[in-house]
Amino acid sequence: MDQQELVESIVKSIYSAIYSVARPAVMIPAGVSNRHVHLCQTDVEVLFGKGAQLHPLRELSQEGFYAAKETVLVAGPKGAIANVRVLGPARSHSQVELMRSDTRKLGIQVPLRLSGQRAESQPITIVGPCGTIVENMGVIVAWRHIHMNTADAERLELKDGDVVRIRTGGDRALILDQVIMRVADGFKPELHIDIDEANAADLSNGDQIELLL
């Protein structure tokens with residue numbers, strides 16, 4: 001290495017050290033999700049009666065969304081799970097989001113997909129107080145993802161659909177790959193992860209995770 005190359009190498013090392021120290025960690029709160037169901041209005045009325053509407057129980061972290069008072073039973077070939085919460089408002093299509101441990105209890109094979117991806121899946125029966133439906137579209141185990149508003153994403157040079165890594169804290173800290181960015185105006189920054197995955201890292205609602213850039 002000649003003198004010029006040595007100087008360039010030293011400058012790059014110094015710049016890299018300064019940059020890494022100066023850049024603050026990007027921390028995001030965790031939102032831990034239990035199994036739940038999204039329903040279209042037609043299915044709301046089949047399950048809860050003609051003209052039925054969902055009734056908000058509590059607001060969710062993302063503005064405009066809520067956990068409804070209504071619950072359903074979901075059933076598969078090997079078992080059933082009662083008191084599965086419905087989330088509102090009603091959507092254009094119904095969707096069932098399960099944990100991997102749920103699928104084993106129910107005896108069904110469910111794909112890992114992002115919310116809204118409604119390719120055909122193994123049928124599941126949804127039972128309400130007034131009726132029953134069989135859903136074979138949009139039954140999924142939800143892919144872990146981060147909601148972020150457009151301005152914050154642009155500042156971090158991220159866009160919708162990007163794949164990132166995160167690091168959890170605490171005694172059972174983990175680095176998780178394959179975390180999908182969901183970017184839109186109005187989103188609040190939040191990691192969405194289900195209970196199965198959260199338990200592996202001893203992660204609770206509101207815990208801070210680090211976005212690794």
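Note that the structure is predicted; figures quoted are calculated from it, not measured.
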- [ ] I would like to know whether D171 and D202 meet side-chain contact (heavy atoms from CB on, under 4.5 Å); could you show each step before the answer?
- [x] CA-CA 8 Å; D171 294 335; D202 202 14; over 6 Å; no
- [ ] Apply side chain to side chain donor-acceptor pair (under 3.5 Å) to E154 and list each qualifying residue two or more places apart in sequence or on a separate chain.
- [x] none
Task: Over 12 foreign heavy atoms within 6.0 Å of CZ, R100 - done: yes
Task: Pairs involving residues 184-213, ordered by first then second residue, that meet ring pair (Phe, Tyr, Trp, His ring centres under 6.0 Å) (sequence neighbours left out) - done: H145-H192, H147-F187, H147-H192
Task: Contact check, side chains of I146 and I166, non-hydrogen atoms, under 4.5 Å - done: yes
Task: Closest contact, heavy atoms only, Q41 versus A52 - done: NE2-O, 2.8 Å
Open item on the list: Looking at every non-hydrogen atom in both residues, tell me the closest pair between P189 and D152 and how far apart they are.
Closed with: CG-OD2, 3.6 Å
Task: R167 side, atom CZ; I175 side, atom CD1 - distance, nearest 0.5 Å - done: 5.0 Å
Open item on the list: Can you give me the closest heavy-atom contact between Q122 and G107, atom names plus distance?
Closed with: NE2-O, 4.0 Å
TODO: Measure the CD1-CD distance between I28 and E210 for me, rounded to the nearest 0.5 Å.
DONE: 10.0 Å
Task: Separation of Q109 CD from R104 CZ (nearest 0.5 Å) - done: 9.0 Å
Expected list for residues 76-84: side-chain donor-acceptor pairs under 3.5 angstrom, two or more places apart:
none

Open item on the list: Does anything in residues 75-102 form a ring pair (Phe, Tyr, Trp, His ring centres under 6.0 Å)? List the pairs, not counting sequence neighbours.
Closed with: none
- [ ] Check the hydrophobic clustering (I, L, V, M, F, W, Y; side-chain heavy atoms under 4.5 Å; chains of links allowed) and say if I140 and L106 are grouped together.
- [x] no
Open item on the list: I want to check something: taking the side chain as every heavy atom from C-beta on, are I193 and I209 in contact at a cut-off of under 4.5 Å?
Closed with: no
Task: Rounded distance [0.5 Å steps], CH2 in W143 versus CZ in R113 - done: 11.0 Å
- [ ] Please check if M148 and V164 belong to a single hydrophobic cluster, counting links between Ile, Leu, Val, Met, Phe, Trp and Tyr side chain heavy atoms closer than 4.5 Å.
- [x] yes
TODO: Can you tell me which residue pairs pass the ring pair (Phe, Tyr, Trp, His ring centres under 6.0 Å) test with a partner in residues 33-57, sequence neighbours excluded?
DONE: H36-H38
Task: Rounded distance (nearest 0.5 Å) linking atom CG of L87 with atom CD of Q95 - done: 10.0 Å
Open item on the list: Taking G51's backbone N and O only, do any of them form a donor-acceptor pair with E45's side chain (distance below 3.5 Å, no angle check)?
Closed with: yes
Open item on the list: If we check side-chain contact (heavy atoms from CB on, under 4.5 Å) with L191, which of these qualifies: L203, V32, L211?
Closed with: L203
Task: Verdict with reasoning, V110 to D102, per side-chain contact (heavy atoms from CB on, under 4.5 Å) - done: CA-CA 10 Å; V110 174; D102 294 333; over 6 Å; no
Open item on the list: Applying side chain to side chain donor-acceptor pair (under 3.5 Å), can you list everything that pairs with N199, at least two apart in sequence or on another chain?
Closed with: none
TODO: Considering non-hydrogen atoms only, spot the tightest contact between G186 and Q62 and give its length.
DONE: O-OE1, 4.4 Å
TODO: Using the test side chain to side chain donor-acceptor pair (under 3.5 Å), find all partners of D185 that sit at least two apart in sequence or belong to another chain.
DONE: T150
Open item on the list: Any non-hydrogen side-chain atom of D194 less than 4.5 Å from a side-chain atom of R144?
Closed with: no
Open item on the list: Assigning hydrophobic clusters by single linkage (Ile, Leu, Val, Met, Phe, Trp, Tyr; side-chain heavy-atom cutoff under 4.5 Å), is V163 placed with V141?
Closed with: yes
TODO: Flag yes if L114 and L112 sit in one hydrophobic cluster, no otherwise; membership is Ile, Leu, Val, Met, Phe, Trp, Tyr, and two members link when side-chain heavy atoms are under 4.5 Å apart.
DONE: yes
Which donor-acceptor pairs under 3.5 Å do the side chains of residues 176-183 make with protein atoms, sequence neighbours left out?
none

Task: Pairs satisfying ring pair (Phe, Tyr, Trp, His ring centres under 6.0 Å), at least one member in residues 156-186, at least two apart - done: none
Task: Exercise: identify the closest heavy-atom pair between A201 and T168 - done: CB-OG1, 3.8 Å
Just list the side-chain donor-acceptor pairs under 3.5 Å for residues 124-139, sequence neighbours left out, or say none.
| residue | atom | partner | partner atom | Å |
| --- | --- | --- | --- | --- |
| E135 | OE2 | M137 | N | 2.9 |

TODO: Might you work through the side-chain contact (heavy atoms from CB on, under 4.5 Å) test for V44 and E70, ending with a clear yes or no?
DONE: CA-CA 10 Å; V44 170; E70 289 75 16; over 6 Å; no
TODO: Give a yes or no on whether V96 and I108 share a hydrophobic cluster (residues Ile, Leu, Val, Met, Phe, Trp, Tyr; joining criterion: side-chain heavy atoms under 4.5 Å apart).
DONE: yes
TODO: Output all residues satisfying side chain to side chain contact (heavy atoms under 4.5 Å, CB included) with E63, sequence neighbours left out; order by chain, then residue number.
DONE: none
Open item on the list: Nearest 0.5 Å, please: how far is NZ in K188 from CG in L60?
Closed with: 10.5 Å
Open item on the list: Please enumerate all residues that pass side chain to side chain contact (heavy atoms under 4.5 Å, CB included) together with C40, with sequence neighbours excluded.
Closed with: T42, D43, S94
Task: R172 vs L174, side-chain contact (heavy atoms from CB on, under 4.5 Å): CA-CA, chis, key distance, verdict - done: CA-CA 6 Å; R172 303 185 73 182; L174 293 174; 5.8 Å; no
